[in-house]
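Before any comments, here is the structure.
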There are 2 protein chains.
Amino acid sequence: MPRRPRPRPTAADAALDRLFGALADPTRRRLLARLAVGPAKVTDLASPFAMSLPAVSKHLRVLERAGLVRRTVEGRVHRLALRGRRLEAVEVWLDPFRSYWEETLTSLGRDLERRPPRPRTARR
Amino acid sequence: MPRRPRPRPTAADAALDRLFGALADPTRRRLLARLAVGPAKVTDLASPFAMSLPAVSKHLRVLERAGLVRRTVEGRVHRLALRGRRLEAVEVWLDPFRSYWEETLTSLGRDLERRPPRPRTARR
DNA sequence: CCAATAGTAAACCAAATAGTTTAATATTGT
DNA sequence: ACAATATTAAACTATTTGGTTTACTATTGG
């Protein structure tokens, strides 16, 4: 029985999948931290890591597909630069949850924090 | 040739891996959104999804191990509640990058945004 | 021209992920 | 006691991931 392939996620979902997926790896987070200092070429990015160059190359491709990194090829050297603005998407996703940890809240907000609302009890 | 197993990440890294990894799936993000409304039991959480109950059960375990969800067993029903504060860890990780997209910046900050610093050219 | 350099491509592998189905466990209502 | 309910466990599968090595391509400096 050929099982149907699981449905492709929506574009928005896929973008968030790639974004969070890219961040879910320590090597890639270190690469981002390094790139926050400034652009760099692949070999320089790879040198601190105890793994092969192709491995780092792949990580960079993942970051690129997530939109977190921009690549400009100058001759044979690929210069990678952080696209920090892409991280705003994380912030945006996070936003509706912000009330759960922010301290500067109305008493209503604080109540929500301390004990999350019971599901529709007094509701209607 | 038995290749050595790749080294376990540090505790801090593993925590972030689990956290971002948990967020890197549309089903789990939907579950979190649902839980933001209020706690719920497994069957109720599962009902909107076109997948089996054990599949959702596994997703919940992933969210739990990431610290994003708290489980309280009352008899045979497991009540899941969002642990929204855990998301603050995302915010914390994000913080050093904030200057890359925030508009309210000094001119220095805006420069950094427009074109990221070239790597140590005039440095030293 | 040629050797060295910078990087990707390809083929491979082990482990992890996301799902399935079937079975098991524990609790509840009658 | 028993049937129904709520949920996890286990065993299986396909796909993805993160790494390797080896081969390839393109650019550069002498």
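In the text below, chain A, chain B and the rest are named by the order of the sequence lines, each starting its count at 1.
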**Message:** If I take atom CG in residue Leu53(B) and atom C1' in nucleotide dA4(D), what distance separates them, rounded to the nearest angstrom?
**Reply:** 15 Å

**Message:** Output the rounded distance in Å from NZ (Lys41(A)) to C1' (dT8(C)).
**Reply:** 15 Å

**Short side-chain N/O contact to dT8(C) OP1/OP2 from His78(A), under 4.0 Å** = yes

**Complete:** Taken to the nearest whole Å, CG/Leu31(B) to P/dG19(C) is 10 Å

**Request:** Under the side-chain contact (heavy atoms from CB on, under 4.5 Å) rule, what do Arg83(B) and Leu68(B) come out as? Steps first, then yes or no, please.
**Result:** CA-CA 5 Å; Arg83(B) 294 189 57 195; Leu68(B) 285 166; 5.8 Å; no

**Request:** Answer whether the closest heavy-atom distance between the side chains of Leu60(A) and Arg71(A) falls below 4.5 Å.
**Result:** yes

**Message:** Measure CG/Asp17(A) against C1'/dA18(C) and give the value in whole Å, please.
**Reply:** 12 Å

**Prompt:** So do the side chains of Leu94(B) and Tyr100(B) get within less than 4.5 Å of each other, counting heavy atoms only?
**Reply:** no

**Asked** Is any NZ, NE, NH1 or NH2 atom of the basic residue among Glu74(B) and Lys41(B) found under 4.0 Å from an Asp or Glu carboxylate oxygen of the other?
**Response** no

**Message:** Does anything in residues 54-65 of chain B come within less than 4.0 Å of DNA chain D? Heavy atoms only, and list the residues if so.
**Reply:** Pro54(B), Ser57(B), Lys58(B)

**Asked** So, Asp13(A) and Arg29(B), do they make that salt bridge, N to O below 4.0 Å?
**Response** yes

**Message:** Can you confirm whether Val37(B) sits close enough to Leu82(B) that some side-chain heavy atom of one is under 4.5 Å from a side-chain heavy atom of the other?
**Reply:** no

**Fill in**
Note: for Arg71(B) and Arg28(A) on DNA chain D, the residue whose nearest nucleotide lies more 5' is Arg71(B)

**Prompt:** Yes or no on salt bridge (Lys or Arg N to Asp or Glu O under 4.0 Å) for Arg98(A) and Glu88(B), after CA distance, side-chain angles and deciding distance?
**Reply:** CA-CA 8 Å; Arg98(A) 167 104 10 89; Glu88(B) 195 177 7; over 6 Å; no

**Prompt:** Is it the case that one hydrophobic cluster holds both Leu16(B) and Val62(B), taking links as side-chain heavy atoms less than 4.5 Å apart, direct or via other members?
**Reply:** no

Tabulate atom names and distances for all N/O pairs under 3.5 angstrom spanning the protein and nucleotides 25-29 of chain C.
unit_1	atom_1	unit_2	atom_2	d
dT27(C)	O2	Arg76(B)	NH1	2.9

**Request:** Starting from C1' on dA6(D), measure out to CG on Leu80(B) and report it in whole angstrom.
**Result:** 12 Å

**Message:** Angle between the end axes of the helix from dC1(C)-dG30(D) to dT30(C)-dA1(D), five pairs per end, to the nearest 10 degrees?
**Reply:** 20°

**Item:** Ring centre gap for Phe97(B) and Trp101(B) strictly below 6.0 Å
**Value:** no

**Asked** Are the side chains of Val42(A) and Val77(A) in touch, meaning some heavy atoms are under 4.5 Å apart?
**Response** no

**Asked** So do Arg34(B) and Leu45(B) actually touch side chain to side chain, heavy atoms under 4.5 Å?
**Response** yes

**d(CE, Met51(B); P, dT21(C)) in whole Å** = 12 Å

**Asked** Whole-Å distance between dA6(C) P and Asp44(A) CG?
**Response** 9 Å

**Fill in**
From CZ of Phe20(A) across to C1' of dT16(D) the rounded distance in Å is 20 Å

**Message:** dT20(D), OP1 or OP2 - any side-chain N/O from Ser52(A) closer than 4.0 Å?
**Reply:** yes

